[in-house]
Amino acid sequence: MVGIGYRKEFSKTFLNTDVLQPDFVEVAPENWMGIGGYWKKELKQVMEKYPLYCHGLSLSVGSPEGVDKDFVKQVKQFLEDTQAVLYSEHLTFSKVDNAHLYDLLPIPFTQEAVERVSENILQVQDILKRPLILENGSYYTVLKAEMSEADFINEIVSRTGCELLLDVNNVYVNAFNFKYDAEKFIQSMPLDKVKYIHMAGHYKVNDHLIIDTHGEDIIDPVYNLLAWTMEKTGKDIPVLLERDFNIPELENLQYEIDTLKLLKNEILTLQLDTEYGQ
Ligand SMILES: [Fe+2]
């Protein structure tokens, strides 16, 4: 299964074309909860055609003050109403003292944070009655680290029983910027807990910095990293193509979906370029 992040930018054409044919669509519940009128009707039409996956933006499991339980209950209702196949979120924080920061910021890799975040996750899972599926983020500075990111994630998974959304492009971006081995990082994840995979493009600023923009095509080294990852995790995990900005023609999006499908089905076994930017 290969899906696409549903964007209002292409919604009109999407419902009336067979050019773009993902296996499922992903939406952020926050953007659709409580809507009425035109967009409610449109969401219904999308759901008639495609299975719905949900990927939240504002749960903020890393917030020191805890999670907003009323918000979690609203999400739960939305998941039930839409019969969403899965619900994932970010292992980041985006809220402090009720101020929304409108960004997904890295949680400091500390023991204190492990305890606080685990407590938040357990509360959310208690309301949702299902494991949370949390995504590894991209980051550009490491705040007050007492442990590695891999140890941080492993500790949280073992304390809470949560599951993982492995964003392969985020791993690539962090490994490039902080000069570590992306395959080694993925190998150190609890791979049996990976239930969902994200793939995206990023922007190269210079030879030392790339930024996770979701605004470019996926590059070959990231496809290669996915192929390598799926040898470890198995091929049945659903993969999402994220494209949030600089959205190309629908044909181009379908080309990327097709490439992902070929890789997943091991039909594409060509050795893609491994060097950056070729
Ligand atoms: Fe992602």
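Each ligand, and each atom within it, is numbered from 1 in the order the structure gives. Since we're looking at a predicted model, the values are computed, not measured.
At a threshold of 4.5 Å between non-hydrogen side-chain atoms, the residues Asn136 and Leu164 do not count as touching.
Ring orientation note: the planes of His202 and Tyr172 are close to parallel, at an angle under 30° on the 30°/60° scale.
For His198, the nearest N, O or S atom to the Fe ion (ligand 1) falls under 2.8 Å.
Between the side chains of Glu42 and Tyr6, at least one donor-acceptor pair of N or O atoms lies under 3.5 Å.
Note on Glu135: its N/O/S atom closest to the Fe ion (ligand 1) is OE2. Within Asp167, OD2 is the N, O or S atom that lies nearest to the Fe ion (ligand 1).
A salt bridge between Asp23 and Lys261 is present, with a side-chain N of the basic residue lying under 4.0 Å from a carboxylate O of the acidic one.
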